[in-house]
Amino acid sequence: MTESHVEQRIQARIAAAKRKRERRRQQRSELAEARAHGLKARYAAKLARWATEDDE
């Protein structure tokens with residue numbers, strides 16, 4: 001049995017929504033990774049700064 005054009009459009013919209021959701025999930029993951037790296041770098045710089053302040 002063939003699908004009607006309406007069913008095809010619905011399936012296309014569902015597929016597009018899934019792609020959009022997956023793309024957003026990937027972007028959130030990348031941003032979370034970058035944020036974690038940035039926070040670690042900031043903390044390392046802070047500890048280094050404290051170490052030099054203690055030496056003075």
Side-chain angles (χ1 to χ4, degrees):
M1 192 164 168
T2 61
E3 292 182 3
S4 72
H5 71 282
V6 174
E7 291 171 348
Q8 290 174 354
R9 295 276 308 256
I10 291 170
Q11 292 301 320
R13 288 181 65 187
I14 291 170
K18 285 181 181 180
R19 286 191 304 271
K20 184 177 180 179
R21 188 167 46 244
E22 181 58 35
R23 187 175 64 244
R24 285 183 178 174
R25 184 177 293 125
Q26 179 67 28
Q27 287 174 341
R28 280 195 307 270
S29 174
E30 290 171 0
L31 287 173
E33 185 178 330
R35 181 178 183 272
H37 175 73
L39 290 174
K40 288 178 188 175
R42 282 181 59 189
Y43 187 66
K46 183 177 185 178
L47 291 178
R49 191 172 57 248
W50 283 357
T52 58
E53 288 175 357
D54 288 343
D55 291 342
E56 292 175 1

Cut-off 3.5 Å, no hydrogens considered: what does the side-chain donor-acceptor table look like for residues 8-20, sequence neighbours left out?
none

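- Residues satisfying the side-chain hydrogen bond (donor to acceptor under 3.5 Å, both in side chains) criterion with Gln27, sequence neighbours excluded, are absent altogether.
- Here Arg21 pairs with nothing under the side-chain hydrogen bond (donor to acceptor under 3.5 Å, both in side chains) rule; sequence neighbours left out.
- Partners of Glu33 by side-chain hydrogen bond (donor to acceptor under 3.5 Å, both in side chains), not counting sequence neighbours: none found.
- Contacts of Arg25 classified as salt bridge (charged side-chain N to carboxylate O under 4.0 Å, His left out), with partners at least two apart in sequence or in another chain: Glu22.
- For residues 40-51, no residue pair satisfies the salt bridge (charged side-chain N to carboxylate O under 4.0 Å, His left out) rule, not counting sequence neighbours.
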